[in-house]
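Computed from a prediction, not measured in an experiment: that's the story for all the values here. Basis for what follows: all heavy atoms, side chains included, without hydrogens, waters or symmetry-related copies.
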Amino acid sequence: MKYTHDEVKDLLIKYIERNDELNGKAGAEIFGIHFLDYDDKDVFKVKCDILDWQRNPFGNLQGGMICYYIDAVAGTLSWVSVDCEPVGTIDIDVNFIRAVTENIDYITVESKVISIGRRVVVAEARVFDPEGWLMATATVNTTRLLPPDPNPTIVEL
């Protein structure tokens, strides 16, 4: 990795809070994600505000929003971990443990990269409520994206 721990932390702060340059591209102004920590064990932690539109008819945080927050945190960490080379999410395996109910205003998501291969980066993530109860766990696989092939093979079906 070409970045020091402090440089990684600075990059994570810049990209998870989605500065003005990125807001127009990602619509990030509608998601409240706030940097909390990037500790000495390389665990990245953020706070995610829960907004009314993110809840299902029962008042719980919609499961897809939990996946979004996991992908945003683990994906950003994976991207920075491979020196800011482009990555794309392959899959996310989420285990929902408890509902994020209507009385919960925010969740905390933490992630750690556990493997960096030639092509695939594997990260783990955990979601907590404000009291520290585990709400969900996940494994996120991302792949390093290659530049477009200038001479693609055309396959006819």
Side-chain angles (χ1 to χ4, degrees), residues 3 5-82 84-117 119-145:
Y3 299 111
H5 184 83
D6 288 337
E7 289 171 329
V8 168
K9 185 175 182 175
D10 290 341
L11 286 167
L12 291 171
I13 292 169
K14 176 181 178 181
Y15 289 106
I16 201 62
E17 293 195 358
R18 307 272 174 99
N19 63 17
D20 292 338
E21 175 187 336
L22 292 178
N23 273 340
K25 296 179 184 175
E29 67 277 359
I30 62 175
F31 299 102
I33 302 177
H34 313 282
F35 177 86
L36 291 176
D37 194 17
Y38 179 64
D39 67 22
D40 293 337
K41 295 182 180 178
D42 300 322
V43 176
F44 179 33
K45 298 177 186 177
V46 303
K47 175 186 170 192
C48 304
D49 297 330
I50 299 172
L51 307 172
D52 287 338
W53 69 267
Q54 298 170 331
R55 297 183 183 279
N56 65 23
F58 305 105
N60 298 334
L61 180 62
Q62 200 272 341
M65 289 306 308
I66 294 171
C67 293
Y68 169 82
Y69 286 126
I70 288 169
D71 191 31
V73 175
T76 301
L77 181 61
S78 296
W79 175 70
V80 172
S81 296
V82 293
C84 300
E85 294 177 6
V87 297
T89 302
I90 298 172
D91 59 30
I92 302 174
D93 181 20
V94 179
N95 298 297
F96 298 101
I97 297 168
R98 288 183 180 81
V100 179
T101 56
E102 61 189 342
N103 63 324
I104 297 173
D105 295 332
Y106 70 90
I107 55 175
T108 303
V109 180
E110 61 181 49
S111 183
K112 179 175 177 68
V113 169
I114 59 171
S115 174
I116 300 174
R119 293 282 305 200
V120 177
V121 180
V122 181
E124 293 178 335
R126 299 187 302 170
V127 178
F128 298 93
D129 76 357
E131 295 181 11
W133 286 92
L134 184 63
M135 308 309 275
T137 63
T139 302
V140 180
N141 295 302
T142 57
T143 185
R144 297 178 194 223
L145 300 175

Q: Roughly how far, to the nearest 0.5 Å, is CG of L11 from CD1 of I16?
A: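 Separation between the atoms: 12.0 Å.
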
Q: Should the heavy atoms of other residues, nucleotides or ligands under 6.0 Å from CG of D52 be counted, would the total exceed 12?
A: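 Open.
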
Q: Quick one: does N60's side chain get under 4.5 Å of V100's, heavy atoms only?
A: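 The answer is no; the side chains never approach within 4.5 Å.
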
Q: Distance check, rounded to the nearest 0.5 Å: H34 atom NE2 versus Y106 atom OH?
A: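 Result: 11.0 Å between the selected atoms.
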
Q: If we only count heavy atoms from C-beta on, is the L134 to F128 side-chain gap below 4.5 Å?
A: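 Contact flag for L134/F128 side chains = yes.
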
Q: Donor-acceptor pair, Y69 side chain versus D49 backbone, under 3.5 Å?
A: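 Yes, because the side chain of Y69 sits within donor-acceptor range (under 3.5 Å) of the backbone of D49.
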
Q: Compare all side-chain heavy atoms of I66 with those of M135 and state whether any distance is below 4.5 angstrom.
A: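 No, side chains not in contact.
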
Q: How long is the straight-line distance from CZ of R144 back to OG of S78, given to the nearest 0.5 Å?
A: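 Going from OG on S78 over to CZ on R144, the span is 10.5 Å.
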
Q: So which atom in V113 and which in S81 form the shortest heavy-atom distance, rounded to 0.1 Å?
A: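 Shortest heavy-atom contact: CG2-OG, 3.5 Å.
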
Q: Just checking N103: does its CG atom have more than 12 heavy atoms from other residues, nucleotides or ligands closer to it than 6.0 angstrom?
A: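 Atom CG in N103 is packed in, count exceeds 12.
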
Q: Check I50 against Q54 and note the closest heavy-atom contact, atom names and distance.
A: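 Heavy atoms of I50 and Q54 come nearest at CA-OE1, 3.3 Å.
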
Q: Any salt bridge (Lys or Arg N to Asp or Glu O under 4.0 Å) pairs touching residues 92-111, not counting sequence neighbours?
A: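 As it turns out, the salt bridge (Lys or Arg N to Asp or Glu O under 4.0 Å) pairs with a partner in residues 92-111, which skip direct neighbours, are E110-R126.
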
Q: Check for me whether K9 meets the cation-pi criterion with Y38, that is, NZ or CZ under 6.0 Å from the six-membered ring centre and within 45 degrees of the ring axis.
A: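 No, K9 does not sit over the ring of Y38.
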
Q: At what distance, to the nearest 0.5 angstrom, does CD1 of I107 lie from CD1 of I33?
A: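 The distance works out to 9.0 Å.
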
Q: Please report the interatomic distance CG(L77) to CZ(F44), rounded to the nearest 0.5 Å.
A: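 Reported to 0.5 Å precision, the distance equals 6.5 Å.
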
Q: Are L61 and I104 close enough that some pair of their side-chain heavy atoms sits under 4.5 Å apart?
A: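 No, every pair of side-chain atoms sits at 4.5 Å or beyond.
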
Q: Using side-chain heavy atoms (C-beta onward) and a distance below 4.5 Å, is E124 in contact with T137?
A: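 No, too far: nothing below the 4.5 Å cut-off.
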
Q: Quick one: OG1 on T89 to CD1 on I70, what's the gap to the nearest 0.5 Å?
A: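 If we round to the nearest 0.5 Å, T89:OG1 and I70:CD1 are 11.5 Å apart.
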
Q: Taking the side chain as C-beta and beyond, is there a heavy-atom pair between D42 and H5 under 4.5 Å?
A: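 They are in contact (side-chain heavy atoms under 4.5 Å apart), so the answer is yes.
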
Q: Does any N or O in the side chain of K45 come within less than 3.5 Å of the main-chain N or O of T108, such that one atom is a donor and the other an acceptor?
A: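 Checked: no pair found.
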
Q: Taking side chain as C-beta onward, heavy atoms only, is Y3 less than 4.5 Å from C84?
A: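 They are in contact (side-chain heavy atoms under 4.5 Å apart), so the answer is yes.
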
Q: Look only at the side chain of Q62 and the backbone of G64, and say whether a donor-acceptor pair between them is shorter than 3.5 Å.
A: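 Checking the backbone N and O of G64 against the side chain of Q62, a donor-acceptor pair under 3.5 Å is found.
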
